Enquirer: 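Sharing a structure below in structure tokens format, with a few things to ask.
In what follows, chains are A, B, ... by sequence order, proteins preceding strands, each numbered from 1. Source: prediction; values computed, not measured.
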Amino acid sequence: MSVSLPEPLRLFALLAGAMAFVGLNAAYLVWAERKAAGRFQRRPGPTEAGPAGLLQPVADVLKLISKQLMVPPGADAVLFRAAPVLVLVPAMICLAVIPFGERWVAREMPLGLLVLFAFGSIQVMAVMLGGWASRNKYAIISAARIVSQDVAYEIPMLLVMITLLMVTGTMDLGEIVRQQAGGFWRWHLFRLDANPLMPLTFVIYYICMLAETNRAPFDMAEAESELVAGAYTEYSGMGFGVFFMAEYANIVVGCATATVLFLGGWQSPIGVGSGPVWFLAKLYGLVFSVIWVRWTFPRTQFYGLLNLSWKILIPASLFILVLSGAALQLSGS
Amino acid sequence: MTSFPASAIVAEAIFGGFVALTVAGALLAALATRILRSVCGLAVCSLGLAGLYTFLHSPFLGLMQILIYIGAVCVTIVFAIMLAETEESAGRESRRRRLAWGGTALAVSGCVFWGVARLGWDGVRAAPASRATDGSVGAIGVSLLTTHGLAFELISLVLLVAILGALLVARTGRH
């Protein structure tokens, strides 16, 4: 794509592209979410602004920009202002290593997978700092919940990653996709020879992704019926908007990771005609399923969430890890 | 990458930025009065260190620094703070005690810094003729599990003892 560009121009192209993508993506995923929620609940969703409500995100952004930015009295002003930025920036860094196509990647790195997880872990810290800096009871409760939720779900997620790394043998995202070329039975999701429980691995990853991005049924952090808006309670205007952009950017990064690791990235399911179109189709298919889950399942209770991780997901992912090691040893590779 | 004329200057500037980030983070961690700000300082310091590791051709180490120190250690510290106290820690120590402890800490860290700096100036100033390993994941894994296997296992033993100690402290503290 941009092989001929000199390095600094490439960097600026990446930055501008990532910002435009994150902004547009958030704006239209909000629209999609509201439309989908409407359909699930037998109502039309936004219809007034533009055809099928397509201009609704523009109107929302204009409203958010024109609102006053407030730092509540007694809050930690520096951290309060820094938190939205700290949530958004890691997600944008992650976008740099995601291969959208054979050559559609901003920066191909041999350690791409690790970049995703290293910077993904910063985001939780930032949401939590925002909640703490607000000096608001609800926000602090929410911050404590975020931390315990993250501690619980980071473990099975990393265990699943180790299992997958044993199968792929590389952290290079482009290389992982190339391994899955030649039809959907070659995708890691269906690599039953490497590990008979591979589909279960995908399910564990998916659940952990929902929990890490604070999506329903795990959105304990901003449980609006009990905590107002959780960690985001004190944020107004674009501060709140940036948190939302980051949430959708993180969903996209999580789904893109799943696409690369389990669903064959840009590879076509029938073996011919691979390209970025397939990547985007799989990515937004997964994003739609995330929206679907949110409007289908009610929010779980907090101890239910922690029990699910500590009593089911962690033992299960440990078992899968051992099983995959045994399978590798037996197959002699 | 070499096609751009000022790339060397840009690289120097980024290196300087990471050094500044590390030092600023360390100062913030040591000097902040609110403990949560100290944790933020630790996180910033780790980020700077990760950048320095990347400059040392060890991106794996840099990313692990972020994943472990920011993603796990800082988050765990914050977790502990949130479970332990909601108010600011009450009552500052007397001026004399603060001066004494501050002076001791300054003297010790000065000694350590002097020793490490001397080591750097004396011996390993010249660039090595060949790199020991290529810093790749494979090389690190092999050296951790073969050459430095004993140290690796001992570290996990230290962690186990720390967990047991924490459990013991927590149990006796409750009664």
Enquirer: Heavy atom to heavy atom, less than 4.5 Å: which residues from residues 86-94 of chain A reach chain B?
Expert: none
Enquirer: Kindly compute the distance separating OG1 (A:Thr257) from CD1 (A:Ile176), expressed to the nearest 0.5 Å.
Expert: 10.0 Å
Enquirer: Is A:Ser309 close to A:Leu305 at the side-chain level, that is, under 4.5 Å between some pair of heavy atoms?
Expert: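 In short, these two side chains do not touch, never coming nearer than 4.5 Å.
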Enquirer: For each of A:Glu154, A:Met128, A:Met171, tally heavy-atom pairs with chain B at distances under 4.5 Å, and name the one with the top tally.
Expert: A:Met128
Enquirer: Based on non-hydrogen pairs under 4.5 Å, which of A:Leu79, A:Leu129, A:Leu114, A:Ile122 is most in contact with chain B?
Expert: A:Leu114
Enquirer: Looking at B:Phe18, is its backbone amide N or carbonyl O close enough to the side chain of B:Thr22 to form a donor-acceptor pair, meaning the two atoms are under 3.5 Å apart?
Expert: yes
Enquirer: Out of A:Ala118, A:Ala144, A:Ser148, A:Ser121, which one racks up the most heavy-atom pairs below 4.5 Å with chain B?
Expert: A:Ala118
Enquirer: Chain B: which of A:Val151, A:Leu111, A:Asp150 shares the most heavy-atom pairs with it under 4.5 Å?
Expert: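 Max contact count across the listed options: A:Leu111.
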Enquirer: In a table with atom names and distances, give each donor-acceptor pair under 3.5 Å that connects a side chain of residues 157-169 of chain A to protein atoms at least two apart or in another chain.
Expert:
{"unit_1": "A:Thr163", "atom_1": "OG1", "unit_2": "A:Leu159", "atom_2": "O", "d": "2.9"}
{"unit_1": "A:Thr168", "atom_1": "OG1", "unit_2": "A:Leu164", "atom_2": "O", "d": "3.3"}
{"unit_1": "A:Thr168", "atom_1": "OG1", "unit_2": "A:Leu165", "atom_2": "O", "d": "3.4"}
{"unit_1": "A:Thr168", "atom_1": "OG1", "unit_2": "A:Thr170", "atom_2": "N", "d": "3.4"}
{"unit_1": "A:Thr168", "atom_1": "OG1", "unit_2": "A:Thr170", "atom_2": "O", "d": "3.1"}

Enquirer: Which heavy atom in A:Leu308 sits nearest to a heavy atom in A:Ile207, and how many Å separate them?
Expert: CD2-CG2, 4.2 Å
Enquirer: Identify the heavy atoms of A:Tyr205 and A:Phe117 that sit nearest to each other, and give their distance.
Expert: CE1-CZ, 4.5 Å
Enquirer: Identify the two heavy atoms, one from B:Ala50 and one from B:Ile66, that lie closest to each other, and give their separation to 0.1 Å.
Expert: CB-CG1, 3.6 Å
Enquirer: Ignoring hydrogens and angles, tell me if any N or O in the side chain of B:Tyr69 forms a donor-acceptor pair with the backbone of B:Leu42 under 3.5 Å.
Expert: no
